[in-house]
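Just so it is clear, the model here is predicted, and its values are computed rather than measured. Nothing fancy with the numbering, it's 1 onward along the sequence. As the structure lists them, so they are numbered: ligands from 1, and atoms in each ligand from 1.
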Amino acid sequence: MIFYRLKQPWLFCLVLSVMGGCAKQEHPEGLSSKDGVIVGFSQIGAESAWRTCNTRSVKEAAAQAGVQLLFSNAEQKQENQIKAIRSFIAYQVDVIAFVPIVTGGWDNVLMEAKDAGIPVLVVDRKIDIQDESLYAGHIGTDGVEQGRKAGLFLLEKFKDQLGNGEPIHIVELSGTTGSSMAMSRAEGFREVLSPYSQFQIIYSESGDFLRSKGYELMRSILETGLDIDVLFSHNDSMTLGVLNAMKEAGLKPGVDVVIVTVDAEQAAINALIRGEVNCVIECNPKQGPEIIRLAQALVRGEKIPRLIHMEETVFYEGEDLSSLPPRGY
Ligand code: GYE
């Protein structure tokens with residue numbers, strides 16, 4: 001089946017709709033990346049403000065660079081990502097970029113991309129794969145470091161209690177099960193706190209990075225009467241749901257329960273300023289310019305770094321954030 005690189009992305013959708021998993025055909029005569037770079041981008045969904053900002057960043061960067069972006073929203077399903085990647089292969093894109101919703105299950109489809117001679121960029125989250133040559137590089141954020149930062153904040157916050165033997169009860173709402181982000185944030189958090197036996201994670205459950213699940217989980221936790229000193233939430237969306245549940249239960253979040261959250265979307269910064277959360281760890285979603293730059297380098301046949309982490313900071317309670325520019329997500 002020969003698929004000519006149709007210049008109209010809407011035709012891609014047509015291709016996508018009739019596609020099974022076809023191997024790429026030989027480049028049709030006369031078409032090459034000189035005709036403009038085409039990047040196939042498989043995004044996991046729109047589960048959080050962070051994710052929608054990540055998508056916007058890629059789309060804006062592609063438009064700015066004159067790169068044609070074939071965009072697929074997988075709606076949180078890995079099988080949709082695999083289908084989209086196969087369609088990008090059939091469409092003969094120049095580069096495939098994708099956000100792996102979970103770490104496993106990518107070997108076969110990435111082998112197909114390799115066989116088709118299409119370089120792959122892993123974006124945001126990481127993959128667990130036998131043959132590392134199946135992707136050119138990874139650009140994202142350091143989840144382990146984000147977890148460490150959360151732990152270090154708590155060491156500072158509770159420094160006067162350390163040594164008095166009093167347990168410090170932690171509830172953890174983690175991200176999507178099987179995602180590198182959930183596993184890495186949990187790893188870094190535990191790495192810092194495990195030497196201090198007073199810090200006890202008494203409950204850990206996946207809220208799937210969703211606000212609705214953060215609300216539901218916290219509501220059911222509070223109904224059990226669990227004594228919570230700290231909440232470590234793997235993303236702001238879940239935290240925003242938690243805040244509603246705590247207030248409904250008559251609790252003062254940020255006062256009755258110390259809250260550490262990750263992403264640093266505007267709503268979380270606003271909650272920090274209101275004193276409803278105590279520490280916001282930045283996870284930078286604005287990866288678009290770097291992603292497009294790396295894709296263009298791959299099209300030029302250049303090697304790219306295997307791993308690029310975005311610059312990130314931490315926002316603490318009591319900080320003067322009056323000059324902080326709008327977060328954009
Ligand atoms: O923290 C969350 C999104 O993979 C870093 O996924 C991303 C995470 C982010 O749903 O808001």
Side-chain angles (χ1 to χ4, degrees), residues 41-58 73-78 80-81 97-106 121-128 138-150 172-189 204-215 217 231-243 259-272 277 279-288 290-291 307-315 327-329:
F41 180 50
S42 167
Q43 179 60 285
I44 59 178
E47 73 283 358
S48 62
W50 190 99
R51 182 66 55 204
T52 48
C53 178
N54 184 246
T55 295
R56 190 169 55 245
S57 174
V58 175
N73 174 343
E75 293 170 350
Q76 310 296 325
K77 293 190 178 72
Q78 180 176 29
N80 288 346
Q81 291 199 277
F98 79 112
V99 177
I101 186 166
V102 292
T103 53
W106 304 103
L121 199 51
V122 177
V123 171
D124 173 18
R125 299 186 185 171
K126 294 188 168 116
I127 57 174
D128 188 6
H138 171 268
I139 169 170
T141 63
D142 187 344
V144 177
E145 189 54 27
Q146 292 157 3
R148 289 191 190 106
K149 289 172 180 174
E172 177 187 43
L173 294 189
S174 64
T176 302
T177 304
S179 69
S180 66
M181 236 0 116
M183 291 188 274
S184 54
R185 286 172 184 167
E187 177 191 335
F189 187 64
S204 179
E205 183 69 53
S206 170
D208 214 7
F209 288 128
L210 294 171
R211 178 170 185 158
S212 56
K213 289 209 176 159
Y215 172 79
L217 284 171
L231 169 75
F232 172 42
S233 171
H234 285 198
N235 90 325
D236 296 342
S237 297
M238 295 189 290
T239 303
L240 295 173
V242 162
L243 296 185
I259 296 180
V260 191
T261 184
V262 188
D263 275 352
E265 66 174 86
Q266 190 61 57
I269 296 295
N270 296 344
L272 181 70
V277 301
C279 178
V280 179
I281 293 156
E282 184 181 33
C283 175
N284 188 345
K286 299 171 184 174
Q287 303 164 3
E290 197 58 19
I291 291 167
L307 177 63
I308 294 178
H309 280 152
M310 301 295 288
E311 289 290 314
E312 300 175 325
T313 185
V314 182
F315 301 99
R327 298 293 299 157
Y329 61 108

Quick one: do Glu282 and Arg327 make a salt bridge, cutoff under 4.0 Å?
yes
Do Gln81 and Ser42 get their side chains close enough for a donor-acceptor pair, meaning under 3.5 Å?
yes
Side-chain donor-acceptor contact under 3.5 Å, Thr261 with Asp236
yes
Would you say Gln43 and Asn54 are linked by a side-chain donor-acceptor pair, where the criterion is simply a distance under 3.5 Å?
yes
Is a side-chain donor-acceptor pair under 3.5 Å present for His234 with Gln146?
no
Report all protein residues having a heavy-atom distance below 4.0 Å to some atom of ligand 1; order the list by chain, then number.
Glu47, Ser48, Trp50, Arg51, Asp124, Arg125, Met181, Arg185, Phe209, Asn235, Asp263, Cys283
Check the orientation of Phe232 and Phe189. Use parallel for under 30°, tilted for 30 to 60°, and perpendicular for over 60°.
parallel
